[in-house]
4 protein chains.
Amino acid sequence: MSRDKILDAAVRVFSRSGYHRSSMDEIALEAGVAKGTLYYHFPSKALMFQALITEGMRMITGRIKSAINQDRTLQEQIELVIRLNVDLFLEYSELAHIFFNEISNGIEEDVLLVVRNERDAYMQFIADILIEAGMAQEDGRMAASGVLTMLNGLCGYYLRHPGEAKREQINRLLYAAVTTGLLQGQA
Amino acid sequence: MSRDKILDAAVRVFSRSGYHRSSMDEIALEAGVAKGTLYYHFPSKALMFQALITEGMRMITGRIKSAINQDRTLQEQIELVIRLNVDLFLEYSELAHIFFNEISNGIEEDVLLVVRNERDAYMQFIADILIEAGMAQEDGRMAASGVLTMLNGLCGYYLRHPGEAKREQINRLLYAAVTTGLLQGQA
Amino acid sequence: MSRDKILDAAVRVFSRSGYHRSSMDEIALEAGVAKGTLYYHFPSKALMFQALITEGMRMITGRIKSAINQDRTLQEQIELVIRLNVDLFLEYSELAHIFFNEISNGIEEDVLLVVRNERDAYMQFIADILIEAGMAQEDGRMAASGVLTMLNGLCGYYLRHPGEAKREQINRLLYAAVTTGLLQGQA
Amino acid sequence: MSRDKILDAAVRVFSRSGYHRSSMDEIALEAGVAKGTLYYHFPSKALMFQALITEGMRMITGRIKSAINQDRTLQEQIELVIRLNVDLFLEYSELAHIFFNEISNGIEEDVLLVVRNERDAYMQFIADILIEAGMAQEDGRMAASGVLTMLNGLCGYYLRHPGEAKREQINRLLYAAVTTGLLQGQA
DNA sequence: GATGAATGAGCCTTCATTCAT
DNA sequence: CATGAATGAAGGCTCATTCAT
């Protein structure tokens, strides 16, 4: 259906150029529909973006939860969550950048609120794992915030220095930051 | 002078609305000068942004370097660097936010390059300390990138949840991420 | 359609104020459409200008060529071409004025090239007749250039001094310049 | 003095870029004075241009008249005037273009009027020679207009096709147009 | 459901001009 | 005489949005 073609195209375009540099023209072109069609399915650019984030997160958290919902040790869970997050981040890098760096993009305030809530829910989801592993409530939420932005930074570095860094490093360093400290996170 | 008024206003406006949503009109208004005056002092919006970053970083790195240049153990150095960074980040949160986040979306390529170099130089500066502490070269650079964005995320959380989080937590979690792992970073 | 309204208005405005003093606002106003509509139909001011020249010339050369394509002596051909050119110039004086004068000052290089080619093609068309009449190749091209700008000047004079000059004089002087010299071109 | 430096620079700049593309900044730079100095000596850009044309024409017509004011045959006079005009045109090509192509440049109406008068005086000066050579009054004025725009066209062609055309051709073709007709103007 | 022509507010930038020194 | 910092009107262009079909 048109709606899905549009949403798929929008993810690609937003992810390639960021929210502001992505134009409705470009999205329509990429989706292979007329520009008016975008407005048939979504009331505005901002609300299209919101739909994309909301539905995308539903899918993503679903995928992660179902992957976790099997008997695993805490350590395995942490490793798995990290790996899945890194994979997702690298696949949808610009979108993830937007998702984790709120203010940077002057989206309409109400839409921003929805995106933030979505993000906070996701962070709580990560925090819960850390808390279950023994962290204090407060520390857990804050640490989750830190871990996810660190993931943001490591992936960013990886993408900006192709060839230099290896993908496996990202996972290793993140795991180290959580469990042993970065200074021990090496052979 | 006008130039300083403009730069001050630009930091506020850019960090409030992000690069793209900030208009030259808004900056001129905030600075209390005519729009033409912006172009008397800076050739373009992008180059104004570049000047703001370059001059801001010169001040910040200068302050950190002069604070470190004394005999200390590595551990003390790490603690100190973290504390200074957190202090600076919270003091100049607007500038810092721009520096760490607003570096991707459609600024002219050459300006982007200058800003990135500035940031990479700073990260290398942090990386050198980690490497001296025993990290591998590659891991050091990448880890520095991760630590600084984590700092970004923790400070952001702190600022977004006033009252909930305490400032000391930021330092403690960062130090833990570097030395013992976040899960051990608690009493 | 909008596109035609715009092109018509553009000819009027450009020939009234010249390329640089003509603003897109003015053209939109004259065409009775919104400014954005101009950009829906033409990618830029320069390309609008190019379209106007190209399409205008296509019409004009078409008309002249079809009038010539019959058996005539060279002398008749020269007389005919002069008369047709004068007629066209006076009928489309605005467009002609642009075509012969407004071709130098700071339009984008590629557009300028297209317009010049269009004009050179037309001049070659005139040159061929002179060459066939016995002129050297080189001289023919250059002379055609001279004759057409002279036509420009004579018609301009005629239009600027209504009442003083008679239309027939234009034809006579031009014909004289080509065949007997201006000094002999009189009863 | 400053005034002369400015006028000299203005001729170069206007002649290089045309009236509209020449900025007061550029003129000040070329003259080696501050921008404010321009306005100390001239009330506005348009009036500076007017001064430049008026004083330039005074010099030019002076030069031509003094060259003519010696015993010569009419034929020699015509040859001489043509040569001098071509020399001047090629030396100050853009300026000459402006001078002969009025409307093209949307200069302020009053200044335009002065420039036009200056030009009409010059054309009358050329016309007088043609009339003395036997042309009718009316034809003389119109023909002078035609000859000068033809000169405009030939020089333009020469400048646009470097290498192809030779400078001597311009003189020869112009002389032919006046005396024998272009078709006879060749060996 | 879908289209695409048309819109107009808003953006970055240029530049002739002013004025206090 | 001369300066140069400051101005603000105006220009070309982009783009989210509307609406008749």
Side-chain angles (χ1 to χ4, degrees), chain A residues 1-3 5-6 19-29 31-49 108, chain B residues 1-3 5-6 20-28 31-48 106 108, chain C residues 1-3 5-6 19-28 31-48 108, chain D residues 1-3 5-6 19-29 31-49 108:
Chain A
M1 222 215 302
S2 256
R3 192 176 189 282
K5 276 199 297 180
I6 291 172
Y19 181 78
H20 266 100
R21 298 280 285 200
S22 300
S23 72
M24 295 299 262
D25 276 279
E26 200 181 346
I27 294 170
L29 188 71
V33 302
K35 196 164 29 158
T37 309
L38 303 188
Y39 286 87
Y40 182 79
H41 290 289
F42 304 95
S44 74
K45 183 185 178 185
L47 259 10
M48 175 194 288
F49 180 72
E108 281 67 37
Chain B
M1 224 218 299
S2 257
R3 192 174 189 281
K5 280 198 296 180
I6 291 171
H20 274 101
R21 293 279 282 203
S22 299
S23 73
M24 293 302 260
D25 276 279
E26 197 181 350
I27 294 172
V33 301
K35 204 185 347 181
T37 308
L38 304 187
Y39 287 88
Y40 183 78
H41 291 288
F42 304 95
S44 72
K45 183 184 180 185
L47 257 11
M48 174 194 288
E108 280 69 44
Chain C
M1 222 219 296
S2 255
R3 193 177 187 280
K5 279 198 295 179
I6 291 171
Y19 181 79
H20 274 100
R21 294 279 283 202
S22 300
S23 73
M24 295 300 263
D25 277 280
E26 198 181 349
I27 294 172
V33 301
K35 199 174 9 170
T37 309
L38 304 188
Y39 288 89
Y40 183 77
H41 291 288
F42 304 95
S44 72
K45 183 185 179 184
L47 256 11
M48 175 195 288
E108 280 70 46
Chain D
M1 225 214 302
S2 254
R3 191 176 190 280
K5 277 198 297 182
I6 291 171
Y19 181 78
H20 265 99
R21 298 281 284 198
S22 301
S23 72
M24 295 300 262
D25 276 279
E26 200 182 346
I27 294 171
L29 188 72
V33 301
K35 195 163 31 158
T37 310
L38 303 187
Y39 286 88
Y40 181 78
H41 291 289
F42 304 95
S44 73
K45 182 185 180 185
L47 257 11
M48 174 195 288
F49 181 71
E108 282 67 36

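Each chain gets a letter, A, B and so on, in the order its sequence line appears, and its residues count up from 1.
Between the K45(A) side chain and the Y19(A) main chain, a donor and an acceptor come within less than 3.5 Å of each other.
Considering CE of M24(C) and CD1 of I27(C), their distance stands at 5.5 Å, rounded to 0.5 Å. Rounded to the nearest 0.5 Å, atoms CE (M48(D)) and CG (L38(D)) are 4.5 Å apart.
V33(A) has its side chain out of reach of Y40(A): every pair of non-hydrogen atoms, C-beta onward, lies at least 4.5 Å apart.
Side chain of V33(D), nearest nucleotide from dT3(F), dA6(E), dA6(F): dT3(F).
Whole-Å rounding puts the H20(B) NE2 to dT14(F) C1' distance at 12 Å. Straight-line distance from the CE atom of M24(B) to the P atom of dG12(F): 20 Å, rounded to whole Å. Rounded to whole angstrom, the span from the CG atom of D25(B) across to the P atom of dT13(E) amounts to 12 Å. I27(A) places its CD1 atom 12 Å from the P atom of dC15(F), with the value rounded to the nearest Å. Atom CG of L38(A) and atom P of dG4(E) are 12 Å apart (whole Å). Rounded to a whole Å, the NZ atom of K5(C) is 7 Å from the P atom of dT7(E). We find that CZ of F42(B) is positioned 18 Å from C1' of dT14(E), with the value rounded to whole Å. Protein atom CZ of R21(D) is 16 Å distant from nucleotide atom C1' of dA16(E), rounded to whole Å.
Counting distance only, with no hydrogens placed and no angle test, the side-chain atoms of K35(D) and the base atoms of dT17(E) include a donor-acceptor pair under 3.5 Å.
In this structure, Y39(C) does not reach the dT14(F) phosphate: none of its side-chain N or O atoms is under 4.0 Å from OP1 or OP2.
Nearest-nucleotide positions on DNA chain F place S2(B) closer to the 5' end than the other of S2(B) and S22(C). A residue-by-residue look at Y40(A) and R3(C) shows that Y40(A) has its nearest nucleotide of DNA chain E further toward the 5' end. Each of P43(C) and A34(D) was assigned the nucleotide of DNA chain F with the nearest heavy atom; the assignment lying further toward the 5' end belongs to A34(D).
Residue contacts shown for K45(C) are limited to sugar-phosphate atoms, with no base heavy atom under 4.0 Å away. Here T37(B) lies in heavy-atom contact (under 4.0 Å) with a base.
Searching all strands for a Watson-Crick or G-U wobble partner of dG4(E) with both distances below 3.5 Å returns dC19(F). Nucleotide dC13(F) is matched to dG10(E) when pairs are restricted to Watson-Crick or G-U wobble geometry with both distances under 3.5 angstrom.
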So R21(A) and H20(B), side chain to side chain contact (heavy atoms under 4.5 Å, CB included) or not? Walk me through it. CA-CA 9 Å; R21(A) 298 280 285 200; H20(B) 274 101; 3.6 Å; yes
